[in-house]
There are 2 protein chains.
Amino acid sequence: MAQSDTVTRILDTAEVLFAERGFAETSLRTITSKARVNLAAVNYHFGSKKALIQAVFARYLDPFTVRFHSALDELEARHAGGVIPLEELLETMARTVLEVPAEKHSLKVFMKLLGLAYSQAQGHLRRYIQEEYGSVFSRFTELVRKATPELPDAERFWRLHFVLGTVIFTLSGLDALRDIAEKDYQEHVTVRDLIRRLRPVVVAAMNAPLPPPPAAQPAKAS
Amino acid sequence: MAQSDTVTRILDTAEVLFAERGFAETSLRTITSKARVNLAAVNYHFGSKKALIQAVFARYLDPFTVRFHSALDELEARHAGGVIPLEELLETMARTVLEVPAEKHSLKVFMKLLGLAYSQAQGHLRRYIQEEYGSVFSRFTELVRKATPELPDAERFWRLHFVLGTVIFTLSGLDALRDIAEKDYQEHVTVRDLIRRLRPVVVAAMNAPLPPPPAAQPAKAS
DNA sequence: TCCTGCAATAAACATTCGTTTGAAACATGA
DNA sequence: TCATGTTTCAAACGAATGTTTATTGCAGGA
């Protein structure tokens, strides 16, 4: 099984280096030399550097979507026809996110990659993730809609992204933040600690009172 | 005033391109040709690409810190000795953030740059910002501490970063999110709209109930 | 045993990058 | 007007990048 070995060694090395330095800052030569494979192996097995980046994400997101879909199936069955409470939806998503990388990879790396996917230019990545995994996200947001009928659609849309920002930002910058927290508060924080801290904050954010309607602006074409 | 013209033209062009594509993905040739200045001008006026990146940030952050310090001065004077309510602190920060770029530059660009500063590798940038502007942030967090005495220090630390994540993530990805929101909800959202929406969410997040204490874990060295 | 197809390898390719150089153009003050 | 210091400019440098090529090694089936 020589092929599979080379492929996974490339993926294992690439995901760590990407998470540490970003995509543009990580050269194929750095990856291949650290993985102890030939430079041309990346282009041979994946086609291009872009395709390698997407493959790194697919290795996380494919099992995630499978598990998340079935977790939502089970949740819907349990509440047969009824509304699933917001807390359970968030809980299920958190559990799935924790489960998937735990098997083999690092949750920290996964979160770091997600953060990069959003902030780095890499237009092709955003497009790829949107097209490939947009549907599972749509299913989730539809369930959230049913769980929060009092929220206007636009307001829920923005709040979901506020929360997404909190999670991705915090978990993807975990290392740097942990260093500060450890120095100042002498406590070693794990990802699970953070999720425990995130839960009440996220719930409170989603349930916050509605903002006042926008002040009447001077009419202006836009 | 030929020099100053070249310098500002480089800065104006660089900040837009950096915000659009990231630092590593923007070459000096792209910047200088778009700014219609000679390629060598960057190294002549700034010394290096790294220094140019820092200069782009300094042009935003220098006036910001000046204004923020004096806004906090005024706030402290008004509450002479007493505690400044959390809402006022957040309000003051938001107002200052809105004020500074409004004069000349784009708030959107500034937020995008902040998001990049956090996520892109660019260790030198994080270090530079920390060393150069860490003190004003410390002053702010100290006031937040007085405003939220019921929060354990560590909890407040994390919640502040949760909120920071929300703001930076949302505002730095504003363009992409706005496109979706506009398509789905037929509403054109401005930065000010977003801040109006952010306020109750942020306040609710900071005032959320405390998380349960960590479950007793099996003893494990770590 | 020979053949076919896949995988690994070293080498080279063509760009692109940040930076440096040395001369030209320019402005300023004596 | 001349001398001086600063800014602009075209050109080149050396290093690093992603990708391609041609060759070699090696497996399993006819």
Side-chain angles (χ1 to χ4, degrees), chain A residues 1-59 113 116-117 120-125 127-128, chain B residues 1-59 113 116-117 120-125 127-128:
Chain A
M1 217 158 260
Q3 178 222 355
S4 157
D5 191 50
T6 297
V7 168
T8 63
R9 202 154 56 215
I10 290 176
L11 287 172
D12 288 343
T13 312
E15 70 176 23
V16 172
L17 291 177
F18 283 153
E20 282 175 357
R21 325 182 181 184
F23 304 115
E25 294 85 352
T26 306
S27 70
L28 293 185
R29 283 172 174 79
T30 310
I31 296 172
T32 52
S33 75
K34 196 155 211 164
R36 298 198 320 280
V37 303
N38 189 273
L39 167 62
V42 169
N43 285 280
Y44 177 78
H45 287 286
F46 297 93
S48 69
K49 186 180 180 181
K50 281 186 182 179
L52 170 62
I53 295 174
Q54 296 178 356
V56 166
F57 275 84
R59 201 163 59 139
L113 289 175
L116 285 177
Q120 300 247 130
Q122 300 291 352
H124 73 96
L125 227 193
R127 246 174 289 124
Y128 170 79
Chain B
M1 215 154 265
Q3 178 223 353
S4 159
D5 192 49
T6 298
V7 169
T8 63
R9 201 152 58 215
I10 290 175
L11 287 172
D12 288 343
T13 312
E15 70 176 23
V16 172
L17 291 177
F18 284 154
E20 281 175 358
R21 326 182 179 184
F23 304 116
E25 294 84 354
T26 306
S27 71
L28 293 185
R29 283 172 175 79
T30 309
I31 296 173
T32 52
S33 74
K34 196 156 212 164
R36 297 198 321 277
V37 303
N38 189 271
L39 168 62
V42 169
N43 285 280
Y44 177 77
H45 287 288
F46 298 93
S48 68
K49 186 180 181 181
K50 280 186 183 180
L52 169 62
I53 295 174
Q54 295 179 357
V56 166
F57 276 84
R59 200 163 60 138
L113 289 174
L116 285 177
Q120 301 247 129
Q122 299 291 352
H124 73 96
L125 226 194
R127 245 174 289 123
Y128 171 78

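Because the structure is a prediction, the values reported are computed rather than measured.
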Can you measure [X] atom [atom1] to [N] atom [atom2] for me and round it to whole angstrom units?
X: E25(A); N: dA16(D); atom1: CD; atom2: P; value: 16 Å
X: R29(B); N: dT20(C); atom1: CZ; atom2: C1'; value: 12 Å
X: N38(B); N: dC9(D); atom1: CG; atom2: P; value: 6 Å
X: K50(B); N: dT19(C); atom1: NZ; atom2: P; value: 9 Å
X: N43(A); N: dA7(C); atom1: CG; atom2: C1'; value: 14 Å
X: L28(A); N: dA16(D); atom1: CG; atom2: C1'; value: 12 Å
X: F46(A); N: dA7(C); atom1: CZ; atom2: C1'; value: 14 Å
X: K49(B); N: dA16(D); atom1: NZ; atom2: C1'; value: 13 Å

Non-hydrogen side-chain atoms of [X] and [Y] separated by less than 4.5 Å:
X: N43(A); Y: L28(A); value: yes
X: V42(B); Y: K49(B); value: no
X: V16(B); Y: K34(B); value: no

What orientation do F57(A) and F23(A) show, parallel under 30°, tilted 30 to 60°, or perpendicular over 60°?
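The rings of F57(A) and F23(A) sit tilted, inter-plane angle from 30° to 60°.
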Report which part of the nucleic acid A41(B) touches: base, sugar-phosphate, or nothing (heavy-atom distance under 4.0 Å, all strands).
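It contacts nothing in the nucleic acid.
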By the 4.0 Å heavy-atom rule, please label T26(A) as base, sugar-phosphate, or nothing.
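Counting heavy atoms under 4.0 Å across all strands, the contact made by T26(A) is with sugar-phosphate only.
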Need to verify one output field. Residue with the more 5' nearest nucleotide on DNA chain D, Y44(A) or S27(A)?
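It is S27(A) whose nearest nucleotide is closer to the 5' end.
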Report yes if a side-chain nitrogen or oxygen of H45(B) is closer than 4.0 Å to either non-bridging phosphate oxygen (OP1 or OP2) of dT8(D); otherwise report no.
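It does, given that an N or O in the side chain of H45(B) lies less than 4.0 Å from OP1 or OP2 of dT8(D).
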Tell me whether the side-chain N/O atoms of T6(B) come closer than 4.0 Å to OP1 or OP2 in dT7(D).
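No, no such contact exists.
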